[in-house]
Amino acid sequence: MIRTGKIEDSDALLELQRSVVSEEKYLIALREEFNKTPAEQREWVQNIMENKNETFFVAEIDGEVVGWIVFTATQNRKRLAHTGTFGMMIGEKYRGRGIGKLLLSALMDWAEKNPVIEKVSLGVFSTNERAIALYKKMGFIEEGRKIKEFKFDDDVYVDDILMYKLV
């Protein structure tokens with residue numbers, strides 16, 4: 001089930017985020033760098049819920065939050081108010097089941113109905129081929145690339161692929 005997130009989801013979102021961070025493959029933060037507290041997570045969720053140009057959705061299976069997507073608006077400049085970015089996380093054992101597509105579809109439906117949002121953007125590791133394929137399938141276009149943006153090891157770099165879709 002895909003539904004709009006609520007404040008009661010804060011702990012489940014944080015637990016899922018910790019799990020994905022611990023994989024050290026898909027997020028910028030390393031395990032030892034990620035130290036968000038439950039109170040900070042709750043405040044973050046509350047701030048999203050209070051902003052009419054931001055939202056998040058969760059994917060549930062049998063009452064368990066197995067994925068989520070969050071859209072944050074570019075708020076501090078009037079000339080960027082029509083834009084925002086999203087991030088998405090899906091639990092490792094639930095990937096490849098179409099949950100990402102459902103979450104992204106819910107987000108894009110929301111964005112199309114929002115009178116302010118015109119452009120949805122994201123950044124993705126160039127090594128995350130499954131995510132890139134999903135974004136392309138959903139109509140996102142690569143608009144740029146930050147070369148060697150992330151350094152994983154002494155000789156291992158990953159580009160940050162910037163993608164967008166107009167709504």
Side-chain angles (χ1 to χ4, degrees), residues 1-75 83-114 116-117 119-140 150 158 160-165 167:
M1 173 174 71
I2 306 298
R3 63 170 173 76
T4 302
K6 52 191 177 190
I7 194 71
E8 293 81 11
D9 295 317
S10 295
D11 290 342
L13 300 179
L14 182 58
E15 188 58 36
L16 182 56
Q17 193 168 7
R18 284 183 179 140
S19 173
V20 175
V21 166
S22 72
E23 294 177 53
E24 296 193 344
K25 291 191 280 189
Y26 302 108
L27 301 175
I28 299 168
L30 297 174
R31 189 175 309 144
E32 64 270 15
E33 296 172 332
F34 186 77
N35 53 15
K36 188 183 276 189
T37 67
E40 290 169 333
Q41 182 77 0
R42 185 175 273 285
E43 181 180 352
W44 178 72
V45 168
Q46 187 66 44
N47 288 338
I48 290 167
M49 292 175 63
E50 290 172 359
N51 186 326
K52 65 182 188 262
N53 295 322
E54 295 186 339
T55 193
F56 74 101
F57 295 92
V58 298
E60 270 187 352
I61 296 178
D62 297 327
E64 177 188 359
V65 174
V66 299
W68 55 275
I69 191 168
V70 61
F71 180 84
T72 53
T74 309
Q75 302 170 29
T83 69
T85 60
F86 76 86
M88 180 167 47
M89 294 188 194
I90 299 170
E92 186 173 23
K93 67 182 182 178
Y94 296 99
R95 295 180 195 143
R97 298 184 183 188
I99 294 170
K101 182 179 180 182
L102 293 172
L103 285 167
L104 189 50
S105 292
L107 174 64
M108 296 311 294
D109 287 346
W110 171 87
E112 288 171 7
K113 293 173 187 158
N114 184 295
V116 175
I117 303 304
K119 181 181 180 184
V120 175
S121 300
L122 68 114
V124 60
F125 288 169
S126 58
T127 52
N128 194 345
E129 294 172 0
R130 284 171 57 180
I132 294 165
L134 170 64
Y135 302 143
K136 287 181 178 179
K137 183 177 181 181
M138 297 290 292
F140 283 79
F150 307 107
V158 173
D160 187 8
I161 297 178
L162 308 175
M163 302 182 82
Y164 78 97
K165 183 174 181 179
V167 295

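Note that these values count all heavy atoms, side chains included, but never hydrogens, waters or copies made by symmetry.
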Any donor-acceptor N/O pair, [X] side chain to [Y] backbone, under 3.5 Å:
X	Y	value
Asn47	Trp44	no
Asn114	Lys52	yes
Arg18	Lys36	yes

What do you reckon, are the aromatic ring centroids of Tyr135 and Phe86 less than 6.0 Å apart?
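Between Tyr135 and Phe86, the centre distance is under 6.0 Å.
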
side-chain hydrogen bond (donor to acceptor under 3.5 Å, both in side chains) against [X], all qualifying residues, sequence neighbours excluded:
X	answer
Glu92	none
Thr83	Thr74
Glu50	Gln46
Lys119	Glu143

Taking all non-hydrogen atoms of both residues, which atom of [X] and which atom of [Y] are closest, and how far apart?
X	Y	result
Leu162	Gly123	CD2-CA, 4.3 Å
Ile117	Val167	O-CG2, 3.4 Å
Ala59	Ile2	CB-CD1, 3.5 Å
Ala73	Asn53	CB-O, 3.4 Å

Lys101: side chain to side chain contact (heavy atoms under 4.5 Å, CB included) partners, not counting sequence neighbours
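Ser105, Leu134, Lys137, Met138.
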
Quick check for you: to the nearest 0.5 Å, what is the distance between Ile48 atom CD1 and Glu43 atom CD?
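Here the rounded value is 11.0 Å.
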
So does Glu129 have more than 12 non-hydrogen atoms from other groups sitting under 6.0 Å from CD?
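Result for CD/Glu129: open.
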
Provide the full list of side chain to side chain donor-acceptor pair (under 3.5 Å) pairs with a residue in residues 54-66, sequence neighbours left out, each pair given once.
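Found Arg3-Glu60, Glu54-Gln75, Glu64-Tyr94.
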
